[in-house]
Protein chains: 2
Amino acid sequence: MPKRVDHGERRGEIAEALVRVAGRRGLHAVGMRDVAAEAGVSLRLVQYYFETKEKLLLFGLEYLAERFGERVAARVRAAGPSPGPRATVEALLMAALPVDEESRTFHLLYTSYAVLSVHDRTLAAQPFIRNPDAAEEVVSELLRRAHESDRLASGLDPRLEAAGLLAMSAGLGTSILVGQRTPESAAEVLTHHLDRIFGARDGDTCAHDTSAHDA
Amino acid sequence: MPKRVDHGERRGEIAEALVRVAGRRGLHAVGMRDVAAEAGVSLRLVQYYFETKEKLLLFGLEYLAERFGERVAARVRAAGPSPGPRATVEALLMAALPVDEESRTFHLLYTSYAVLSVHDRTLAAQPFIRNPDAAEEVVSELLRRAHESDRLASGLDPRLEAAGLLAMSAGLGTSILVGQRTPESAAEVLTHHLDRIFGARDGDTCAHDTSAHDA
DNA sequence: GATTTCGTGGTACGAACGTACCATGATGAT
DNA sequence: ATCATCATGGTACGTTCGTACCACGAAATC
């Protein structure tokens with residue numbers, strides 16, 4: 001046999017090219033030729049490693065979700081050794097906010113895929129719809145743990161609060177994306193809401209400044 | 001002069017056709033010919049009333065926002081005569097959730113436009129980006145009024161709470177849209193959050209049942 | 001050394017899309 | 001009655017896109 005190329009690696013490079021060009025020009029404006037040019041390969045090669053555009057897009061979504069999952073996990077780990085529930089949740093949600101180019105791209109493409117999935121059965125069946133469910137499970141569990149150690153505000157349903165928290169975070173992310181809100185004001189809204197969910201009394205590794213508190 | 005047709009009315013009909021077909025097949029899959037067929041006119045007529053596709057899409061967005069604004073306003077009015085702040089806010093947010101076909105379409109298309117606006121300067125300059133700002137102003141003002149009449153939970157910043165509330169509502173809407181959450185569970189999350197913002201003690205014209213309260 | 005198979009390139013084809021062009025009733029002003 | 005003008009239809013053009021087809025070099029197996 002000839003050259004023996006690692007298909008997985010090559011597919012990853014092409015998928016990354018897809019994500020880059022889609023983040024730059026929008027997913028709707030991305031064609032096979034654009035991806036090929038961005039990856040520095042010929043159109044034929046993109047066809048070779050992904051038979052069809054649909055499969056390329058599907059793999060791109062996988063790739064995107066995986067990369068972003070790693071990012072969030074890294075940010076949570078960076079929150080310090082054995083952080084409290086509050087710090088963990090805060091790191092999780094803050095890492096998901098579109099503040100830099102990478103997270104902006106993720107938010108944009110994820111939303112694009114979500115919109116497409118409404119009328120595309122193949123996309124709708126993709127696990128990216130289970131990803132938020134997993135996140136909700138994690139946050140819910142963290143809140144439950146905080147509740148048991150009595151670090152939660154009184155009478156809160158961890159499951160409902162987790163759902164609300166994630167929805168708010170996603171909504172704030174979209175607001176940032178379209179330029180309606182600055183990352184700072186979004187973070188402020190989120191922090192205040194966390195203050196109310198948790199007692200807002202414990203330090204808990206978290207450090208948000210009380211200065212500069214206006215609109 | 002000949003026939004004299006009301007351009008505004010005709011443009012409205014075509015825009016409605018655009019919204020219908022876009023809601024059915026997705027905004028990305030809509031072409032001039034589809035809109036023409038849906039409106040029951042020739043392709044040439046769509047060109048005649050909207051010179052270009054871009055202008056058609058722009059007008060479609062206007063049309064969409066206007067229609068939905070009216071819908072929300074109607075729902076708020078239907079909340080009863082001189083409703084309290086809680087009932088008003090609740091009616092507002094609940095009316096925005098994608099529970100029926102009309103609101104589903106609105107959410108879907110609004111999100112589609114938002115995604116497009118990230119890389120389209122003309123769309124980004126459109127007033128639909130100011131619409132959420134207006135909503136935030138309204139909710140913020142309602143919360144402020146509730147705060148002054150002491151019907152708000154202690155120590156809440158109306159502006160921040162309004163922002164968080166709308167972001168959560170939007171996020172929940174997206175969750176419903178992609179099928180991750182049922183309208184009922186989303187409403188439950190929203191209601192609980194409202195319970196915590198308001199004292200959860202006043203009847204305030206609102207009636208949410210305390211039965212059937214599980215997942 | 002011959003051959004089979006993998007990786008790669010170039011290119012062509014058919015479809016769809018937005019837009020432009022040309023034509024033609026119908027109607028109100030002159 | 002004539003004519004300019006509005007509304008409308010049909011259609012053709014150029015482009016772009018996804019996909020299919022054909023060709024060739026290189027390397028590992030026999």
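In what follows, every heavy atom counts, from backbone to side chain, and hydrogens, waters and symmetry copies are set aside. Within every chain, numbering begins at 1; the chains are lettered A, B, ... in the order of the sequence lines, protein sequences first and strands thereafter. Please read all numbers here as calculations on a predicted model, not as lab measurements.
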Identify, with sequence neighbours excluded, every residue that meets side chain to side chain donor-acceptor pair (under 3.5 Å) alongside A/Arg11. none
Please state how far atom CG in A/Asp34 lies from atom C1' in D/dT15, giving the value in whole angstrom units. 14 Å
Nearest-angstrom distance from the residue atom CG of A/Asp6 to P of C/dT8: 12 Å
Give a yes or no on whether a salt bridge exists between B/Arg181 and A/Asp133, defined as a side-chain N under 4.0 angstrom from a carboxylate O. no
Would you mind writing out the side-chain donor-acceptor pairs for residues 91-101 of chain B within the sub-3.5 Å range, not counting sequence neighbours?
{"from": "B/Asp100", "atom 1": "OD1", "to": "B/Arg71", "atom 2": "NH1", "distance (Å)": "3.3"}
{"from": "B/Asp100", "atom 1": "OD1", "to": "B/Arg71", "atom 2": "NH2", "distance (Å)": "3.4"}
{"from": "B/Asp100", "atom 1": "OD1", "to": "B/Glu102", "atom 2": "N", "distance (Å)": "3.4"}
{"from": "B/Asp100", "atom 1": "OD1", "to": "B/Ser103", "atom 2": "N", "distance (Å)": "3.0"}
{"from": "B/Asp100", "atom 1": "OD1", "to": "B/Ser103", "atom 2": "OG", "distance (Å)": "2.5"}
{"from": "B/Asp100", "atom 1": "OD2", "to": "B/Arg71", "atom 2": "NH1", "distance (Å)": "3.3"}
{"from": "B/Asp100", "atom 1": "OD2", "to": "B/Arg71", "atom 2": "NH2", "distance (Å)": "3.3"}

Taken in chain and number order and not counting sequence neighbours, the residues that satisfy ring-ring contact (aromatic ring centres under 6.0 Å, His included) with B/His107 are none
Rounded to the nearest angstrom, tell me the gap between atom NZ in B/Lys53 and atom P in C/dG18. 4 Å
Give a yes/no answer on whether the side chain of B/Tyr49 brings an N or O atom under 4.0 Å of OP1 or OP2 in D/dT8. yes
According to salt bridge (Lys or Arg N to Asp or Glu O under 4.0 Å), who are the partners of A/Arg25, at least two apart in sequence or on a separate chain? A/Asp34
So, is A/His7 near the phosphate of C/dC6, with a side-chain N or O under 4.0 Å from OP1 or OP2? no
Distance in angstrom units between B/Phe50 CZ and C/dG18 C1', rounded: 16 Å
Rounding to a whole Å, what distance do you find between B/Leu56:CG and C/dG18:P? 10 Å
From CG of B/Leu45 over to C1' of C/dG18, roughly how many Å is that when rounded to an integer? 16 Å
Looking at NE2 of A/His193 and CG of B/Leu165, how far apart are the two atoms once the value is rounded to the nearest 0.5 Å? 9.0 Å
A/Tyr113 (side chain) donor-acceptor with A/Leu57 (main chain) under 3.5 angstrom: yes
Using the 3.5 Å cut-off, write out each protein N or O paired with an N or O of nucleotides 11-16 of chain C and the distance between them.
none

Measure CE/B/Met32 against C1'/C/dT19 and give the value in whole Å, please. 8 Å
Does the distance from a Lys or Arg side-chain N to an Asp or Glu carboxylate O, for A/Arg144 and A/Glu141, drop under 4.0 Å? yes
Kindly assign one of parallel, tilted or perpendicular to the pair B/Phe59 and B/Phe50, based on the angle between their ring planes and the thresholds 30° and 60°. tilted
Positions of residues 24-31 of chain B (non-hydrogen atom under 4.0 Å from DNA chain C), listed by number: B/Val30, B/Gly31
Think A/Ser42 has a side-chain N or O under 4.0 angstrom from the OP1 or OP2 of C/dG10? no
Counting only side-chain nitrogens and oxygens, does A/Tyr48 get under 4.0 Å of the OP1 or OP2 atom of C/dT8? no
Look at the side-chain N and O atoms of B/Arg10 and state whether any lies under 4.0 Å from the OP1 or OP2 oxygen of D/dT8. yes
